[in-house]
Protein chains: 2
Amino acid sequence: MNDSPRRKELTRQAAQLFVQEGFDRTTVRMLAQEMGIKSGSLFHHFRDKQEILAAVIEEGTQNALMIARDALDNCDSNPEARLHAMARAHLETLLTDRNAHVVALYEWRRLDPEARDHLGHLRDAYETLWEEVLDEALAADLIRGDRFLVSRFVMGALNWTVRWYDPRGERSPEDLARELIAMITHPAR
Amino acid sequence: MNDSPRRKELTRQAAQLFVQEGFDRTTVRMLAQEMGIKSGSLFHHFRDKQEILAAVIEEGTQNALMIARDALDNCDSNPEARLHAMARAHLETLLTDRNAHVVALYEWRRLDPEARDHLGHLRDAYETLWEEVLDEALAADLIRGDRFLVSRFVMGALNWTVRWYDPRGERSPEDLARELIAMITHPAR
DNA sequence: GTCTATAGTCTGATAGAC
DNA sequence: GTCTATCAGACTATAGAC
């Protein structure tokens, strides 16, 4: 539709509800209430409920991509540092912001085919970034295994944190990143 | 309610739909059609939709627990063999049967508080099994790290396979288990 | 850009016949 | 144990006034 600041703010609020309740359980009335408007007014900003989901997922993936690129640009160039930067960036978008990126990962299946098609390249760009960093780690013998499987196992371990992580606990996303890297890397010999 | 063979069969069919569509999107009419009856008849077997979910999750967790115990009873007693048996059992209940255990993991949040309370001990028993096996691996220096984090990372890597695994592909659950163990273990030195 | 009002559909669940 | 018929409520989305 458009990408006014207003729409951006509404998208941000929708993301929070989608994480809390799940997309299917979130009604347009709940969304409108969260936004401080009536449900009818919502459809001035979004064509339908699907479009809200697409906006959230686009926002979440774009944001994750940006933060990951930033982190990679500002860390040491050795494979371990890059791996750690990538994992930390991923966890921070999932656990600190706790919003749009979670929706992108957990509600992807709810996108209709057209939206999935339109957003596929964004998702691919993010996954490619991961695969590059993992390729470097594999080439340096920091990790061992099949590239495809390693990337999926690592992403799984990271993405599942959403289910158990307690932000009020004593572990930071950075702690988690460090521990995961320690678990899967073979120290220099 | 009860646990007749009929109810067991209906539960099995419900599990399949819950995996395919998600609990929220699955209507009682869809469930009834899958079962070959009309929607009104469904409520002769289950009090309400919630009870169907609870039945599926109970079945899925109990089955996973049974299969895991079997696998542990019939494998070598060294920590690596036990870890492998556990991972393979977990993946087989998720990827081969592709049913109730997936629902137990992915729709747990949809249980109402009473059901969650009633099924909590089953879930705990299964997680305890995992922690025992991981403790042995940690004690043997096969894996390194914090017990809590290691168990969650491993379960995350395993549980996430549901999202990308293609049963028609060339990798078996056993292959996946072997590769995951290889990734996280430090070979004897 | 937001409101009120409501159309039209689908939902989980119940009642009573067979 | 299954059926038909239906209720009452919730749902997404629209129309038109302001």
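Chain letters run A, B, ... following the sequence lines, proteins first and then strands; every chain starts at 1. Values reported hereafter were calculated over all heavy atoms of this structure, with side chains retained and with hydrogens, waters and symmetry mates removed.
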Do A/Arg147 and A/Asp135 make a side-chain contact, defined as non-hydrogen atoms from C-beta onward lying under 4.5 Å apart? yes
Pair listing, ring-ring contact (aromatic ring centres under 6.0 Å, His included) test, anchored in residues 57-88 of chain B, at least two apart: none
What's the CD-P distance between B/Gln33 and D/dC3, to the nearest Å? 12 Å
Look at all strands and tell whether A/Thr26 reaches a base, only sugar-phosphate, or nothing, counting heavy atoms closer than 4.0 Å. sugar-phosphate
Atom CD1 of B/Ile52 to atom C1' of C/dA13: distance rounded to whole Å? 11 Å
DNA chain C-proximal residues of residues 9-25 of chain B, any heavy atom under 4.0 Å: none
Are A/Arg171 and B/Asp146 within salt-bridge range, i.e. N to O under 4.0 Å? yes
Do any N or O atoms of the protein come closer than 3.5 Å to N or O atoms of nucleotides 13-18 of chain D, and which pairs are they?
residue	atom	partner	partner atom	Å
D/dA13	OP2	A/Lys49	N	2.9

To the nearest angstrom, how far is A/Phe46 atom CZ from D/dT12 atom P? 15 Å
Would you say B/His44 places a side-chain N or O within less than 4.0 Å of OP1 or OP2 belonging to D/dG1? yes
Looking at side-chain heavy atoms only, is the closest gap between A/Leu149 and B/Trp164 below 4.5 Å? yes
A/Ile181 and its side-chain contact (heavy atoms from CB on, under 4.5 Å) partner, picked from A/Leu176, A/Leu142, A/Leu83: A/Leu83
Taking all non-hydrogen atoms of both residues into account, name the closest pair between A/Thr26 and A/Leu17 and its distance. OG1-O, 3.6 Å
How many Å lie between CE on A/Met35 and P on C/dG1, as a whole number? 14 Å
Measure the distance from NE2 on B/His45 to C1' on D/dG1 and round it to the nearest whole Å. 6 Å
Atom-to-atom span, CG of A/Leu53 to C1' of D/dT12 - whole angstrom: 15 Å
Could you tell me the separation between the CZ atom of A/Arg123 and the CD atom of A/Gln62, rounded to the nearest 0.5 Å? 15.5 Å
Angle between the two end axes of the helix from C/dG1-D/dC18 to C/dC18-D/dG1, five base pairs per end, rounded to 10 degrees? 0°
Only distances under 3.5 Å count here; give the side-chain donor-acceptor pairs of residues 64-81 of chain A to other protein atoms, sequence neighbours excluded, each with its distance to 0.1 Å.
residue	atom	partner	partner atom	Å
A/Asn74	ND2	A/Asp70	O	2.9
A/Asn78	OD1	A/Glu80	N	3.2
A/Asn78	OD1	A/Ala81	N	2.8

Measure the distance from CZ on B/Arg6 to C1' on D/dG1 and round it to the nearest whole Å. 8 Å
Give me each pair satisfying ring-ring contact (aromatic ring centres under 6.0 Å, His included) with a member in residues 5-34 of chain A, each pair once, sequence neighbours excluded. A/Phe18-A/Phe23
A/Glu9 atom CD: more than 12 heavy-atom contacts under 6.0 Å: yes
To the nearest angstrom, the CG-C1' distance between B/Leu31 and C/dT11 comes to 13 Å
Salt bridge B/Glu51-B/Arg7, side-chain N to carboxylate O under 4.0 Å: yes
